[in-house]
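Sequence positions, counted from 1, serve as the residue numbers for this chain. Order of listing sets the numbers, starting from 1, for every ligand and every atom in it.
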Amino acid sequence: MKRVGLMGCGTVADYGHIPVLLNTPGLKLQAVFDPDPKRLKYVQEKFGLDHAFQDEAAFFASGLDAVTVTSPAPCHLANIQAASRAGKHVLCEKPLGMTEDECREMIDCTTRAGVMLFTGFDYRFSPAALQIRQWLRDGAIGELRSLRLIYIWNCHGKCQRNEQGVLVENARRRGRMDEGGPMVDCGVHQIDLARFWTGSEVQSWTTAGAWVDEYAAPDHMYLHMRHANGAHSMVEISYSYCHTCRQPVNIFTYDLIGTKGLIRYDRNAKILDMRNQDGVFTKPFAPEKNFAAMYEHFRDALEQGGSDVLPTGLDGLMAAKISREATDALMAQHRCGGN
Ligand SMILES: NC(=O)c1ccc[n+]([C@@H]2O[C@H](COP(=O)([O-])OP(=O)(O)OC[C@H]3O[C@@H](n4cnc5c(N)ncnc54)[C@H](O)[C@@H]3O)[C@@H](O)[C@H]2O)c1
């Protein structure tokens, strides 16, 4: 049994990581850490946890084999440095770091400490993502030439009602926009999928986008990537698609265009199919997230001392670097009046 500690008891820990950690054979959720006593109390009571710490040293002394980092992105580096000092393996939520330099420091400090570092790109583990990879490996659509990965939504909306019923700015969306906006926060998943499915590194990219809302970062972005094998990927990502609408809608799709066919995934229509000269082949739909399979691989990695399946620190670095550079490039153009 491997004992895992969790750092950051917020939203994704509550709906994703904690329930899965409590239900993965071979893993024990040994302790949780959060600087906010209210969040600690909330998860401790909700999940009946024995060990909950505001004190980092006490958390690391609680008998852990590894930690999972689910704090906000600006805290990931300090959490990983602390885990390295304590000699604990790490699975860290995306985006791995705020900058390429931060990610390099994470890779360096975990390497120096002799501990493993993985990035929590859980989309890779969806049965849909794995089915798509299998179709590609089988040559079902010939050579993959172009990917369209679209996720445009309102990031929970511009405003929400506070406890007094007054309409106020949505702090969660504000936080994500201040951390870099949708490409940095969410688009890293799609960038990672493009690298995963093509099996080919991104060699160059161009970007365009828009400021629908009033934050520093662009809130609707397009990223076109050229892979080493010649394939092209397009990511469209937005946090301002219906951000002020009473009845918001969203689009979440993958289209993979090959020399001999097409693969389509549509979350809202619940479609996963492949069509080629032999016909249309439909597979059961699955949501894009799969924390359970990710933790099964994390357990295996802890038991076996490595993994050739889990996204690495370098995978996290590449997605963070591309998304951040594309966002920064667009912001620089915008400042010069070019966008
Ligand atoms: N994989 C996914 O599908 C997915 C979905 C949502 C969020 N995320 C990622 O998960 C991370 C957390 O997102 P969230 O939406 O749960 O955020 P959140 O703001 O809801 O929760 C963050 C929690 O971390 C705590 N925290 C603050 N500083 C900390 C520190 N120094 N050390 C440890 N904990 C600290 C906060 O008190 C809070 O409880 C982010 O990196 C986000 O991008 C991933």
Protein heavy atom at shortest distance from [atom]:
atom: atom 22 (C) of ligand 1; value: Pro72 CD, 3.5 Å
atom: atom 3 (O) of ligand 1; value: Lys289 NZ, 2.9 Å
atom: atom 35 (C) of ligand 1; value: Pro35 CD, 3.4 Å
atom: atom 40 (C) of ligand 1; value: Ser71 O, 3.6 Å
atom: atom 23 (C) of ligand 1; value: Gly10 N, 3.6 Å
atom: atom 32 (N) of ligand 1; value: Asn79 ND2, 3.3 Å
atom: atom 39 (O) of ligand 1; value: Asp34 OD2, 2.6 Å
atom: atom 9 (C) of ligand 1; value: Lys94 O, 3.5 Å

Using a 6.0 Å cut-off, check whether atom [atom1] of [X] has over 12 heavy atoms from anything other than its own residue.
X: Asp308; atom1: CG; answer: no
X: Lys283; atom1: NZ; answer: no
X: Arg267; atom1: CZ; answer: yes

Considering the heavy atoms of [X], write down every atom of ligand 1 situated less than 4.0 Å from one of them.
X: Asp36; answer: 37 (O)
X: His189; answer: 1 (N), 2 (C), 3 (O)
X: Phe33; answer: 32 (N), 33 (C)
X: His76; answer: 41 (O)

Less than 3.5 Å apart, any donor N or O on the side chain of [X] or [Y] sitting next to an acceptor on the other?
X: Ser307; Y: His297; result: no
X: Asn250; Y: Asn154; result: no
X: Thr206; Y: His224; result: no
X: Glu93; Y: His17; result: yes
X: Lys94; Y: Tyr123; result: no
X: Asn79; Y: Ser71; result: yes

Answer yes or no: does an N/O atom from [X] fall short of 3.5 Å to an N/O atom of ligand 1?
X: Thr70; answer: no
X: Val12; answer: yes
X: Tyr123; answer: no

- Item | Winner among Thr11, Leu77, Asp14, Thr119 once heavy atoms are compared against atom 18 (P) of ligand 1 | Thr11

- Candidate with minimal heavy-atom separation from atom 31 (N) of ligand 1, of Gly120, Cys75, Gly16, Pro74: Cys75

- Message: For Lys46, give me all partners under side chain to side chain contact (heavy atoms under 4.5 Å, CB included), at least two apart in sequence or on another chain.
- Response: Asp14, Tyr42

Does only the side chain of [X] get under 4.0 Å from ligand 1, or the backbone, or both, or neither? Count heavy atoms.
X: Asp122; answer: side chain
X: Asp185; answer: side chain
X: Ala78; answer: neither

Does [X] have a heavy atom less than 4.0 Å from any atom of ligand 1?
X: Arg176; result: yes
X: Pro95; result: yes
X: Tyr15; result: yes
X: Arg172; result: yes

- Task: For residues Phe53 and Phe33, establish whether the separation of their ring centroids is below 6.0 Å.
- Result: no

- Task: Begin from the C-alpha positions of Arg124 and Asp315 and carry the test salt bridge (charged side-chain N to carboxylate O under 4.0 Å, His left out) through to its verdict.
- Result: CA-CA 12 Å; Arg124 279 197 192 196; Asp315 290 323; 3.3 Å; yes

- Heavy-atom check, side chain of Asn170 versus side chain of Lys158, under 4.5 Å: no

- Does one hydrophobic cluster hold both Trp197 and Ile150, with members joined at side-chain heavy-atom distances below 4.5 Å? no

